[in-house]
Chemist: 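There's a structure below that I have some questions on.
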There are 2 protein chains.
Amino acid sequence: MKESEIIRVFMSEIKDKILGDDAGYIKFNEDWILITTDMLVWRTDIPDFMKPEDAGRKVVTMNVSDIAAMGGEPKAFFFSLGVPKDIDENLLRRIAKGIREGSRRYKIRVISGDTNDVSEIVIDGGALGIGKRLLLRSNAKPGDVVCVTGELGRPLLALILWSKGEDIPREVLEKARDPQARVEEGKILSEVANATIDISDGLSKELWEISRASSVKIVIEEDALPIHPTVKELSHNPTEIALSSGEEFELIFTISPENIPDIPFDFTVIGKVEKGRGVYIKGKGEMPILGWEHFVGFGNAKR
Amino acid sequence: MKESEIIRVFMSEIKDKILGDDAGYIKFNEDWILITTDMLVWRTDIPDFMKPEDAGRKVVTMNVSDIAAMGGEPKAFFFSLGVPKDIDENLLRRIAKGIREGSRRYKIRVISGDTNDVSEIVIDGGALGIGKRLLLRSNAKPGDVVCVTGELGRPLLALILWSKGEDIPREVLEKARDPQARVEEGKILSEVANATIDISDGLSKELWEISRASSVKIVIEEDALPIHPTVKELSHNPTEIALSSGEEFELIFTISPENIPDIPFDFTVIGKVEKGRGVYIKGKGEMPILGWEHFVGFGNAKR
């Protein structure tokens, strides 16, 4: 079964409405408690240009990013580790070091851990956050502009170069090995944005998520996409790379134009939200849902 | 490496003080937010007398029990599922059904889920709870009495009979397949008890945990142990079974004798807390730390 089928089967039995946003949430007094978990499977998620410390940091970042994408403030990290009995002690130590570095970067505590005997290495990380106002995928409104933080394309470019055995430029490797969650941006957006999502599976997939969840049409200007200069330089199809590149952990947000002056950080306006359905590239028709499996022979069922 | 070594290595690098209690916790305004995760590995945790629905319920119960053991009220369940791509759809559906049944039993919502491609089935469940006053392992006080809920021994007896290919009596199978977390008891204890722990790894191991964490001596009366009648009947060494049987999810608690009248549920006084160190059986010397691996050739690195 594909992951989409596994999710469908599971959810049809569980019957609670979940999996719809980056994190789950419950109301507690005046606040929202946010919870997310994201499992890293060593065999499929860690290309060998990543060091064990990078993997440890990444499992923190990918969970913290989900909290940021809901407008929450991350408070704590927790994990369950599954490792074979014969795991190398040094490898284990380096993964732990990465988790420590990640939790310090985001100023959160590691509050719970569990280890188990599993035949391959899996690190199931989780983050707990607190939010005042949730940024849901379903809250994009016609009239909003669509924006994105940072510059896109490097994580996928790194995988493409790696799969061809080519050198990966330093600035590309940096982002691929050590992406960062947009925590401060998420907190600010929680006060002014409408819908937000983080780019874990690629810009095109995330835009379709917002469009579907909010029942709106999204129109993107290809020329406005903030593609990283090295991606433009080294790739023949930089737009496709930017639309497909996952694990960017940049934030896509939709916001009423009048609230734009309230945003103190750098971002790029890439399009707008209209009445209707679907995601379009202006002048080119419907945007395909591009995944990075198209580019490299490496990946897992999640993408 | 053994699990204890894996934990030691990992924790020496992470440096946050964790893994000390049943759940992690952070203060939030006047309350405590509690988080726990517990991974179920199908190959090692699910004997074939358990049905897939039992496994789904169990992963909810083992996490909810950790919240109960901290005196918290469980609010939500979340999970990451790792399954091989060729998993049988019916098996998947039945696991999900068990998770639904478990979450309904404890009146909690399933708020977040994630699925991944892993070479063997792992279900990493987690629970979120809220507590007013925490029941820590480190809070046992000389002068307290030591108490336990329920009757002990059935989960281990089931494994022993199963490993020998013998019939498992109905009342033994019931507890082994579908143990229940002591949520109401935990909430009441949060107001009156000192230290609490749930029995996931066996009474003797849990008593040693309290003794070490609280720096106290615990003296148990063998004759007072509430051993299930069928365990007494079918086993030659019922005390050893009761001391070793894990996944009981009963609560052990220490409490000042003057608070005992405030407890409205059934429990058994099995001993007392004194100044000193270690766990003793009155008249017999130090209590060994017994695990159920001694009895059956089935288990994982956790025990």
Side-chain angles (χ1 to χ4, degrees), chain A residues 1 3 5-7 9-16 18-19 23-26 28-29 31 33 35-39 41 43-44 75-76 78-83 85-87 89 92-93 96-97 99-100 103 109-120 122 124 126 128 130 300-302, chain B residues 1 3 6-7 9-16 18-19 23-26 28-29 31 33 35-39 41 43-44 75-76 78-83 85-87 89 92-93 95-97 99-100 103 109-120 122 124 126 128 130 300-302:
Chain A
M1 280 189 278
E3 196 209 5
E5 287 173 305
I6 290 176
I7 290 180
V9 165
F10 223 75
M11 291 310 116
S12 71
E13 293 293 334
I14 298 235
K15 292 181 178 137
D16 262 312
I18 61 165
L19 287 171
Y25 43 90
I26 61 166
F28 180 59
N29 299 336
D31 298 281
I33 300 177
I35 291 281
T36 185
T37 61
D38 216 338
M39 187 184 279
V41 182
R43 169 176 49 88
T44 55
K75 295 287 189 184
F78 49 90
F79 65 90
S80 287
L81 184 71
V83 293
K85 282 190 182 124
D86 62 354
I87 189 169
E89 180 176 324
L92 196 66
R93 214 174 265 287
K97 189 158 170 274
I99 289 179
R100 183 184 74 216
S103 62
R109 282 174 50 218
V110 183
I111 60 166
S112 175
D114 172 38
T115 77
N116 299 272
D117 168 25
V118 175
S119 54
E120 63 176 321
V122 295
D124 192 27
L128 165 74
I130 302 287
N300 70 8
K302 282 174 75 174
Chain B
M1 280 188 279
E3 196 208 6
I6 291 176
I7 290 179
V9 166
F10 222 75
M11 291 309 116
S12 70
E13 292 293 334
I14 297 235
K15 291 178 180 142
D16 262 315
I18 60 165
L19 288 170
Y25 44 90
I26 60 166
F28 181 59
N29 299 335
D31 299 282
I33 300 177
I35 291 281
T36 185
T37 61
D38 215 339
M39 187 184 277
V41 182
R43 169 177 50 86
T44 54
K75 295 287 188 184
F78 49 91
F79 65 90
S80 287
L81 184 70
V83 293
K85 281 190 180 124
D86 62 355
I87 188 170
E89 180 176 324
L92 197 66
R93 215 174 264 287
I95 295 170
K97 189 158 170 273
I99 289 178
R100 183 183 74 216
S103 62
R109 282 173 50 218
V110 183
I111 60 166
S112 176
D114 171 38
T115 77
N116 299 272
D117 168 25
V118 175
S119 53
E120 63 175 321
V122 295
D124 191 27
L128 165 74
I130 302 287
N300 71 8
K302 285 172 73 173

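In this text the structure is predicted, and so the values were computed from the model without any measurement. Each chain gets a letter, A, B and so on, in the order the sequences are listed, and its residues count up from 1.
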Chemist: Tell me if a side-chain donor or acceptor on A:Glu89 pairs with a main-chain N or O of B:Val9 at a distance below 3.5 Å.
Modeler: no
Chemist: Can you tell me how far apart CG (A:Asn116) and OG1 (B:Thr37) are? Round to the nearest 0.5 Å.
Modeler: 8.5 Å
Chemist: Heavy atoms only, distances under 4.5 angstrom: which of A:Val83, A:Val118, A:Ile99 has the most pairs with chain B? Name it, please.
Modeler: A:Val118
Chemist: What option among A:Gly126, A:Ala23, A:Gly24, A:Ala96 has the most heavy-atom pairs under 4.5 Å with chain B?
Modeler: A:Ala96
Chemist: Please enumerate all residues that pass side-chain contact (heavy atoms from CB on, under 4.5 Å) together with A:Lys75, with sequence neighbours excluded.
Modeler: A:Glu73, A:Ile130, B:Ile26
Chemist: What closest approach, in Å, do A:Met39 and B:Ser80 show between heavy atoms, and which atom pair accounts for it?
Modeler: CE-CB, 3.8 Å
Chemist: Is it the side chain or the backbone of B:Leu128 that comes within 4.5 Å of chain A heavy atoms, both, or neither?
Modeler: side chain
Chemist: Is a salt bridge present between B:Arg93 and A:Glu13, judged by a nitrogen-to-oxygen distance below 4.0 Å?
Modeler: yes
Chemist: According to salt bridge (charged side-chain N to carboxylate O under 4.0 Å, His left out), who are the partners of A:Glu5, at least two apart in sequence or on a separate chain?
Modeler: none
Chemist: Do B:Asp31 and A:Asn29 make a side-chain contact, defined as non-hydrogen atoms from C-beta onward lying under 4.5 Å apart?
Modeler: yes
Chemist: Output the option from A:Ile33, A:Asp86, A:Ile35 having the highest count of non-hydrogen pairs under 4.5 Å with chain B.
Modeler: A:Ile35
Chemist: When you compare the side chain of A:Leu92 with that of B:Ile6, does any pair of heavy atoms fall below 4.5 Å?
Modeler: yes
